[in-house]
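We name chains A, B, ... by the order of the sequence lines, and we start the count at 1 in each one.
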Amino acid sequence: MPALTVKLPDGSPLELGDGATGADAAAAIGPGLARAALAIRVAGEERDLAAPLTDGEEIEIVTARSEGALDLIRHDAAHVMATAVCELWPGTKVSIGPPIEGGFYYDFEFPEGVSISDADLERIEERMLEHIKADESFERTDIPVDEALERFRGEDQPYKVELIEDLISNEGVETVSLYRNGPFTDLCRGPHAPSTGRIEAVKLSSLAGAYWRGDETRQMLTRIYGTAFFSKKDLKQHLERIELAKANDHRRLGPELGLFTFRDESPGMPFWLPQGTVLLRLVREKVDEQLRKRAYVEVKTPEVMDVDLWHRSGHYENYRENMYFAEPVERDRDEEDRRFALKPMNCPGACLVFDSSRHSYRDLPLRMAEYGHVSRFERAGVLHGLLRVRAFTQDDAHVYCTPEQIEAEVIDICEAIDELYATFGFEDVKLELSTRPEKSIGEDAVWEAAEAALASALAKQDREYQLNPGDGAFYGPKIDFHVTDALGRSWQLGTCQLDFQMPERFDLSYQGADNANHRPVMIHRALLGSMERFIGILIEHHAGRFPDWLAPVQAAILPVADRHLDAARKLLGQLEAAGVRGRVDERAESVGRKIRDAELSKVPYMLIVGDREAESGGGSVRSHDAGDLGEMSAADLAARITSGPEA
RNA sequence: GCCGGAGUAGCUCAGCUGGCAGAGCACCUGUCUUGUAAACAGGAGGUCACGGGUUCGAUCCCCGUCUCCGGCUCCA
């Protein structure tokens with residue numbers, strides 16, 4: 001008579017003896033699975049293989065092939081790393097070491113006077129490999145919290161003590177679990193693989209400072225990043241992918257392709273080069289199409305405005321540390337007391353525009369766009385190529401509407417963003433709904449209503465989103481649109497923010513059908529977010545090789561010899577007349593050389609013009625994608641290139 | 001801002017223990033007149049990020065500053 005029966009994923013029952021564990025279940029199914037088993041999953045929750053099973057449970061054996069298995073051994077690897085670090089630097093205080101996207105990390109506080117550098121990573125790695133080779137088992141013990149506290153206090157591990165204290169006060173736990181592998185024991189929820197030997201390949205990647213619990217007022221710990229895989233081959237592939245991603249980094253491609261550059265004279269503020277400025281214009285044209293289609297008007301407001309305005313808007317109180325202030329050396333007598341600031345946002349300017357004339361309810365929703373160049377002082381350490389700069393152009397707009405119109409407007413904005421991103425080839429876009437932050441203005445009830453309005457607009461569209469409590473703008477909640485860069489880092493692009501505060505502060509009103517004055521609601525929205533950031537992401541998304549319609553130079557015309565220059569220029573003239581962006585390579589170089597250079601500059605089409613083509617008036621076309629396409633006329637080529645993003 | 005790393009020609013990088021600053025590519029000049037990913041020769045190009053210190057002597061060692069890179073925090 002079996003003591004317990006569990007159910008397998010295919011629905012079949014498995015009978016096991018009394019006190020059977022996950023390992024026993026795996027062994028009962030087959031010896032191969034017993035060897036491959038890492039953990040079990042019961043109702044979506046992972047458990048140790050050594051954990052006892054209960055009668056009637058539905059279980060699944062987790063192996064290297066299971067979803068989430070990499071996280072499991074990466075978590076194992078974090079423990080092994082902590083083991084090695086504590087051995088190499090006795091007295092090191094450990095904190096937390098979770099698996100993350102692509103790897104794992106562990107945060108340490110090294111003993112007084114110890115500072116480690118990249119060179120130490122190799123030593124740690126070697127020590128880790130010894131522990132992995134020794135195939136030490138992970139052993140779990142559950143102990144009462146008092147005992148755990150006493151233990152970690154005795155070991156002078158204050159971070160562990162704090163974690164346990166929080167577990168007691170927040171979750172009311174009475175016992176905690178410890179995991180031991182070799183000489184190292186850690187407070188850990190688990191689960192872990194049976195032993196360290198399951199980590200086939202491990203690599204430490206970098207070193208970084210990280211505040212304890214992400215709080216910049218607290219101790220800075222030393223974080224070590226690494227990754228682990230089930231095979232050396234997987235690790236090698238992973239490292240190759242990272243290399244490839246680095247080659248696609250917009251900070252490398254941008255200057256290389258002549259798109260933009262940065263200079264020490266203005267840290268964090270990009271200089272757009274001729275090719276990049278073409279790109280900027282092309283991107284903007286796509287936004288313009290949306291503005292036309294969705295009945296926006298466009299305005300332009302000053303970059304420098306009186307500090308008084310920023311007091312009125314609340315920016316001075318809530319955003320001052322990010323603002324630049326501008327003072328003239330000399331000033332007129334009657335302006336002596338005036339101070340000015342560079343705009344960090346466009347909204348106050350937009351409100352002044354709204355306020356400059358009377359509005360009827362018939363005018364609403366009033367969709368007022370502005371390509372606004374804003375300046376924001378950002379801390380030096382956060383600057384990141386085009387993705388985080390100190391001056392950028394927003395494809396901004398402010399929609400003034402009635403509360404009843406909010407939902408339709410939010411939906412319209414989301415649709416505009418969808419269409420625009422699809423045009424540029426972005427598919428993996430994540431939405432986030434951010435609610436009231438600590439530093440903010442306005443009544444609670446108003447905030448709640450605004451948050452509810454955004455949530456309901458999202459629900460109407462059946463969109464998935466992540467909730468980010470406390471991450472809203474100081475004047476209202478927002479929906480953000482995120483995409484990732486070449487290295488997998490997520491960046492916010494578009495945004496849609498509700499604002500009941502600004503209309504109040506600027507005393508904005510429209511005249512209703514009832515002849516009375518009413519307060520409009522304001523929606524701040526940016527489709528691409530920042531043109532700079534968007535183009536940075538765009539460069540990485542296309543690895544610098546833009547689709548035909550978006551390439552700054554679409555056709556490189558390559559004369560074979562000097563005598564073909566005239567024919568080449570004539571061909572360029574025809575192409576330009578047909579709307580193609582082209583360039584003649586007039587250098588006295590070989591054709592092979594011109595082709596090579598054109599390929600490296602990622603021009604989609606090359607047109608070779610020699611004796612034959614000079615005669616016919618066309619060009620022999622070589623495309624990067626398809627190689628030699630044979631001879632084509634200027635008209636055919638123009639048709640091919642200018643067919644647009646839908647092609 | 002904080003932790004760790006880096007800064008040598010336009011770019012990618014050498015430069016030993018402190019002893020006259022180097023290469024390839026790019027650039028300029030000349031020759032070649034080229035047919036689908038690099039013709040040949042010559043030339044020019046440096047405040048070794050910046051400021052200070054140690055030293056007979058500093059690209060090299062020390063201190064400070066700036067910028068960049070990887071993170072943390074923050075954010076479009």
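- Remark: the separation of the C1' atoms in C3(B) and A44(B) is 44 Å, to the nearest Å.
- The CG atom of D418(A) lies 6.5 Å from the CZ atom of F481(A); values are rounded to the nearest 0.5 Å.
- Although no hydrogens or angles enter the test, the distance criterion places no donor-acceptor pair under 3.5 Å between the side chain of K93(A) and the main chain of F108(A).
- For a distance-only test at 3.5 Å, the side chain of R390(A) fails to qualify as a donor-acceptor partner of the base of A76(B).
- Remark: R251(A) is in phosphate contact with G70(B), judged by side-chain N or O atoms under 4.0 Å from OP1 or OP2.
- Side-chain N/O atoms of K246(A) include none lying less than 4.0 angstrom from OP1 or OP2 on C69(B).
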With the criterion being N/O to N/O and under 3.5 Å, what pairs connect the protein with nucleotides 6-13 of chain B, and how long is each?
none

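- Phosphate proximity of C74(B) to R388(A): absent, as no side-chain N or O sits under 4.0 Å from OP1 or OP2.
- Under 3.5 Å, the side chain of E613(A) and the base of G35(B) form at least one donor-acceptor pair of N or O atoms.
- Only the C1' atoms considered, C40(B) is 48 Å distant from G4(B), to the nearest whole Å.
- Applying the 4.0 Å criterion to OP1 and OP2 of U34(B), one finds that R563(A) has a side-chain N or O inside that range.
- With distances taken from any side-chain atom of I608(A) to the nucleotides A39(B), A37(B), G35(B), the minimum falls on G35(B).
- To the nearest 0.5 Å, atom CD of residue Q574(A) and atom CG of residue L637(A) are 11.0 Å apart.
- Ranking A76(B), U34(B), G71(B) by closeness to the S530(A) side chain, first place goes to A76(B).
- Of the C1' atoms belonging to C48(B) and A58(B), the separation is 11 Å, rounded to the nearest Å.
- Between the side chains of S375(A) and E303(A), no donor N or O sits under 3.5 Å from an acceptor N or O.
- Within the 3.5 Å criterion, the main-chain N or O of L386(A) finds a donor-acceptor partner in the side chain of H250(A).
- Side-chain N/O atoms of R622(A) include one lying less than 4.0 angstrom from OP1 or OP2 on A37(B).
- A gap of 12 Å separates the P atoms of C60(B) and C16(B), to the nearest Å.
- Only the P atoms considered, C68(B) is 15 Å distant from C11(B), to the nearest whole Å.
- Taking atom C1' on both G5(B) and A49(B), the two are 16 Å apart, rounded to the nearest angstrom.
- You'll find that the side chain of Q497(A) is closest to A76(B), out of G4(B), A76(B), G70(B).
- In the set G70(B), U67(B), A76(B), the nucleotide with an atom closest to the side chain of P267(A) is U67(B).
- Checked by distance alone, E378(A) brings a side-chain donor or acceptor within 3.5 Å of a matching partner on the base of A76(B).
- Aromatic ring pairs are classed by plane angle as parallel below 30°, tilted from 30° to 60° and perpendicular above 60°; the pair H79(A) and H75(A) is perpendicular.
- Residues passing the ring-ring contact (aromatic ring centres under 6.0 Å, His included) test with W212(A) are Y159(A), sequence neighbours excluded.
- Here T495(A) lies out of heavy-atom contact (under 4.0 Å) with every strand.
- Taking atom P in both C2(B) and A76(B), the straight-line distance is 23 Å, to the nearest Å.
- Side-chain N/O atoms of S115(A) include one lying less than 4.0 angstrom from OP1 or OP2 on G4(B).
- Between the CG atom of D597(A) and the C1' atom of U36(B) there is a distance of 13 Å, given to the nearest Å.
- A heavy atom closer than 4.0 Å to some atom of RNA chain B occurs in G214(A), E216(A), M220(A), R223(A), these being the qualifying members of residues 213-223 of chain A.
- One can find a donor-acceptor pair under 3.5 Å joining the base of G1(B) and the side-chain atoms of Y211(A).
- If you measure from atom NE2 of H250(A) to atom C1' of C68(B), you get 13 Å, rounded to the nearest angstrom.
- For V382(A), taking side-chain heavy atoms from C-beta onward, the closest of the listed nucleotides G4(B), C75(B), C74(B) is C74(B).
- In this model, a side-chain donor or acceptor of S620(A) finds a partner on the base of G35(B) within 3.5 Å.
- Separating the P atom of G35(B) from that of A39(B) is a span of 11 Å, rounded to the nearest Å.
- By the stacking rule of 5.5 Å between ring centres and under 30° between planes, W491(A) does not stack on the base of A76(B).
- A donor N or O paired with an acceptor N or O is not found under 3.5 Å between the base of U36(B) and the side-chain atoms of R596(A).
- Note: NZ (K439(A)) to P (C74(B)) measures 13 Å, nearest angstrom.
- Comparing atom distances between the D118(A) side chain and each of C32(B), G4(B), C68(B) picks out G4(B) as nearest.
- Distance alone, capped at 3.5 Å, is enough to place a donor-acceptor pair between the Q157(A) side chain and the V94(A) backbone.
- For the pair R379(A) and C72(B), the criterion of a side-chain N or O lying under 4.0 Å from OP1 or OP2 is not met.
- Within the 4.0 Å cut-off from OP1 or OP2 of G70(B), at least one side-chain nitrogen or oxygen of H384(A) is found.
- In plain terms, the two heavy atoms of P270(A) and E532(A) that are nearest each other are CG-CG, 3.9 Å.
- Across A76(B), U36(B), C72(B), the shortest atom-to-atom separation from the side chain of K478(A) is found for A76(B).
- Between the side chain of R376(A) and the backbone N or O of N322(A) there is no donor-acceptor pair closer than 3.5 Å.
- Within the structure, a side-chain polar atom (N or O) of S590(A) is placed less than 4.0 Å from OP1 or OP2 of A39(B).
- The minimum heavy-atom distance linking V374(A) with P344(A) is given by the pair CB-O, 3.4 Å.
- In this structure, S530(A) contributes its side chain and R533(A) its backbone to a donor-acceptor pair below 3.5 Å.
- Counting any heavy atom pair closer than 4.0 Å across all strands shown, V560(A) reaches a base atom.
- Residues Y605(A) and D548(A) have side chains that bring a donor and an acceptor to within less than 3.5 angstrom of each other.
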